[in-house]
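Report on the following structure.
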Amino acid sequence: MKKLLRLSFIALMAMVANVAMAQNVLWEEDFGSYVAGDVPAGGAYSYKCTDGKSATKIYEEAIAQGTSPELLIGKKDASTDGGTFQATIDITNVNEEMTLTFKANKNLSVSVEGGTLGEKTNNGNDYSYPITKTADALTITFENTLTQNARFDNVKLFTGQGKKAPGLSWGTSARTVTIDADDNNFPTLTNPFELPITYTSSEESVATIAADGTITLVADGQTIIKAEFAGNDEYEAGAAQYTLTVKPAPTPAIDVTVAEALAIIDGLEDKAQTEQTYNVTCTANIVDFQRNNQGELYGNVNIETGDEQGHPLYIYRCKNIGNVNFTEETISDLKEGDVVIVCGQLKKYIDNDNMVEPRVINCYLVAINPESGISAVTVNANYNAPMYNLAGQKVNANYKGVVIQNGKKFIVK
């Protein structure tokens with residue numbers, strides 16, 4: 001009988017402990033009842049928003065890695081304080097320490113009235129604060145003190161033992177990549193607790209993602225890449241996602257003269273630019289290496305050229321051969337009067353006086369004086385520096401023909 005009573009007492013104490021540890025939600029908000037453009041105000045929790053430099057309002061996005069929609073809290077600048085979001089919660093019957101959790105893509109400043117705010121912890125976009133009660137009403141203010149807009153979502157105030165946030169984050173809300181490019185920089189998932197993740201792509205006709213997170217590009221378009229954790233006894237369920245934009249593989253640049261480039265630009269709409277890249281062969285009539293106030297090179301050059309009739313074409317912020325910055329050592333490679341091949345897009349630029357200025361943009365030199373600047377030298381195929389053909393495309397050691405490596409032109413035989 002004593003043994004039975006002892007076991008019953010232990011079971012009862014365990015039940016009491018479990019009840020004491022259970023999570024009791026005092027306030028939570030995921031902004032799911034709002035639509036884009038709304039400004040949360042009033043209601044049961046006396047919501048209040050201030051603008052900041054940008055309007056504080058609801059957006060149909062998940063940049064904070066919460067659930068869409070979420071709240072944008074406006075940035076600050078030299079003359080404007082940052083935006084805020086504020087809520088007041090009745091805690092008359094609360095006698096325990098509280099916990100505040102939320103998601104944000106920026107480090108928001110949090111302050112409270114009616115309580116004492118403890119030390120912050122965060123993993124990725126997940127933030128948590130302990131709060132001790134000092135009054136029967138708790139007012140919490142989230143302020144953006146940065147010069148960038150912040151996104152805020154999935155806020156919760158509770159007592160008891162809550163599950164830990166999984167801390168998942170891609171570190172970005174969007175990324176653009178190009179099919180067959182060697183330099184695609186896919187986001188890396190932050191998973192601090194090494195939780196089991198399920199990956200999905202919303203449009204597998206655009207890109208697929210394997211169980212280990214490896215992405216395979218299929219076609220141009222957009223897809224949402226999502227990482228999800230189902231939840232367990234210790235960690236709550238969570239997900240992180242970003243929008244992946246896939247561009248088609250670039251088509252080879254088309255060789256044109258200055259007159260042909262000007263004709264293409266003339267056929268564009270005002271301010272429009274080509275998707276296609278062009279290799280424009282021209283004479284560098286004016287060469288302008290611009291410098292900052294400290295006399296340092298910006299790393300690119302403005303070149304003015306023209307056709308035989310004197311119509312100007314401006315080559316804007318052009319980089320050196322290999323698409324690298326000019327340096328003090330390499331600016332002497334380019335001189336006025338040199339014949340150059342420039343690879344870039346064509347744009348019908350309109351200035352402040354509504355005048356058309358035909359430009360070559362996003363450009364780099366392919367060759368300088370190409371007829372005389374090529375040496376008949378065989379490149380060592382084991383050298384690690386990248387090689388480019390005259391269209392500026394990266395090639396491997398099996399490529400035959402004229403290549404550029406370390407800013408020098410060679411023939412690979």
Side-chain angles (χ1 to χ4, degrees), residues 23-59 61-160 162 165 169:
Q23 185 181 106
N24 176 33
V25 177
L26 306 173
W27 167 59
E28 61 183 334
E29 180 61 75
D30 65 1
F31 303 107
S33 62
Y34 297 93
V35 298
D38 286 350
V39 179
Y45 300 103
S46 302
Y47 288 167
K48 180 181 178 182
C49 293
T50 59
D51 268 357
K53 175 65 175 176
S54 305
T56 296
K57 61 183 179 181
I58 297 293
Y59 279 78
E61 295 173 322
I63 293 177
Q65 305 293 326
T67 54
S68 180
E70 58 191 23
L71 183 68
L72 179 149
I73 303 180
K75 61 187 176 182
K76 66 172 292 184
D77 68 2
S79 60
T80 307
D81 291 335
T84 64
F85 170 72
Q86 187 179 90
T88 299
I89 303 97
D90 181 5
I91 54 172
T92 304
N93 298 320
V94 174
N95 298 306
E96 309 165 55
E97 185 175 87
M98 297 166 283
T99 301
L100 172 70
T101 61
F102 59 91
K103 287 182 176 288
N105 72 324
K106 303 292 181 184
N107 188 15
L108 297 171
S109 174
V110 181
S111 59
V112 298
E113 295 180 14
T116 302
L117 194 67
E119 185 175 351
K120 172 188 70 179
T121 59
N122 84 281
N123 286 299
N125 288 7
D126 292 308
Y127 291 80
S128 177
Y129 288 86
I131 299 177
T132 303
K133 171 182 175 177
T134 60
D136 287 340
L138 180 69
T139 298
I140 310 173
T141 302
F142 305 86
E143 182 181 6
N144 184 4
T145 60
L146 305 174
T147 56
Q148 299 170 311
N149 291 329
R151 302 303 177 100
F152 171 76
D153 202 6
N154 294 80
V155 60
K156 183 189 292 187
L157 179 70
F158 60 90
T159 59
S169 175

task = Report yes if the side chains of Val94 and Thr159 come closer than 4.5 Å at any heavy-atom pair, otherwise no.
result = yes

request  = Please confirm whether the backbone N or O of Phe31 pairs with a side-chain atom of Glu29, one donor and one acceptor, at under 3.5 Å?
outcome  = yes

ask   = Quick one: does Val155's side chain get under 4.5 Å of Phe142's, heavy atoms only?
value = yes

ask   = Looking only at atom types and distance, does a side-chain atom of Asn144 sit under 3.5 Å from a main-chain N or O of Gly82, one as donor and one as acceptor?
value = no

task = With side-chain contact (heavy atoms from CB on, under 4.5 Å) as the test, would you mind laying out the steps for Lys156 and Gln23 before giving the verdict?
result = CA-CA 11 Å; Lys156 183 189 292 187; Gln23 185 181 106; 3.3 Å; yes

note = In short, Gly32 meets Pro69 closest at the heavy-atom pair CA-CD, 4.2 Å

ask   = Shortest non-hydrogen contact from Pro40 to Cys49?
value = O-SG, 3.4 Å

request  = Let me see the working for Leu71 and Asp153 under side-chain contact (heavy atoms from CB on, under 4.5 Å), right down to the final yes or no.
outcome  = CA-CA 6 Å; Leu71 183 68; Asp153 202 6; over 6 Å; no

ask   = Closest heavy-atom contact between Phe152 and Ala64?
value = N-CB, 4.1 Å

request  = Give a yes or no answer on whether the side chain of Thr56 reaches the backbone of Asp51 with a donor-acceptor pair at less than 3.5 Å.
outcome  = yes

request  = Might you work through the side-chain hydrogen bond (donor to acceptor under 3.5 Å, both in side chains) test for Thr84 and Thr50, ending with a clear yes or no?
outcome  = CA-CA 5 Å; Thr84 64; Thr50 59; 2.6 Å; yes

Note, Tyr47 side chain near Thr88 side chain (heavy atom, < 4.5 Å) = no

inquiry  = Between Thr99 (side chain only) and Pro130 (backbone N and O only), is there a donor and an acceptor less than 3.5 Å apart?
reply    = no

inquiry  = Looking at every non-hydrogen atom in both residues, tell me the closest pair between Ala55 and Leu72 and how far apart they are.
reply    = O-CD2, 3.2 Å

request  = Report the relative orientation of the aromatic rings in Tyr127 and Phe102; use parallel for angles under 30°, tilted for 30 to 60°, perpendicular for over 60°.
outcome  = parallel

ask   = How long is the gap from CG on Asn122 to OG1 on Thr101, to the nearest 0.5 Å?
value = 12.5 Å

ask   = If you take all heavy atoms of Thr134 and Gly115, which pair is closest and at what distance?
value = OG1-N, 3.0 Å

task = In sequence, state the C-alpha distance, the side-chain angles, and the governing distance for Ile89 and Tyr45, and then conclude on side-chain contact (heavy atoms from CB on, under 4.5 Å).
result = CA-CA 6 Å; Ile89 303 97; Tyr45 300 103; 3.9 Å; yes

key: Min side-chain heavy-atom separation Lys120-Asn107 under 4.5 Å   = yes

Criterion side-chain contact (heavy atoms from CB on, under 4.5 Å) on Ile91 and Met98, from CA distance to verdict = CA-CA 10 Å; Ile91 54 172; Met98 297 166 283; 3.9 Å; yes

key: Pairwise side-chain contact, Arg151 with Tyr59, heavy-atom cut-off 4.5 Å (strictly under)   = yes

request  = Enter the distance from Lys75:NZ to Thr145:OG1 here, rounded to the nearest 0.5 Å.
outcome  = 14.0 Å

Donor-acceptor contact below 3.5 Å, side chain Asp81 vs main chain Gly52 = no

message = Whether the side chain of Asp30 engages the backbone of Asn154 through a donor-acceptor N/O pair (distance < 3.5 Å, no angle test) should be reported.
response = no

remark   = What one should report as the nearest heavy-atom pair of Ile73 and Gly83 is CG2-O, 3.2 Å

key: Min side-chain heavy-atom separation Leu138-Leu157 under 4.5 Å   = yes

ask   = How about Lys103 and Asp126: do any of their side-chain heavy atoms sit closer than 4.5 Å?
value = yes

ask   = For Gly124, does its backbone N or O pair with a side-chain atom of Ser169 as donor and acceptor, under 3.5 Å?
value = no

inquiry  = Tell me whether Gln86 contacts the main-chain N or O of Thr139 through its side chain, where contact means a donor paired with an acceptor under 3.5 Å.
reply    = no

request  = Supply the atom-to-atom distance Phe85 CZ to Lys48 NZ, rounded to the nearest 0.5 angstrom.
outcome  = 12.5 Å

query = Is any side-chain heavy atom of Ile140 less than 4.5 Å from a side-chain heavy atom of Leu100?
reply = yes

ask   = Within a reach of under 6.0 Å around CD of Glu113, are more than 12 heavy atoms found that belong to other residues, nucleotides or ligands?
value = no

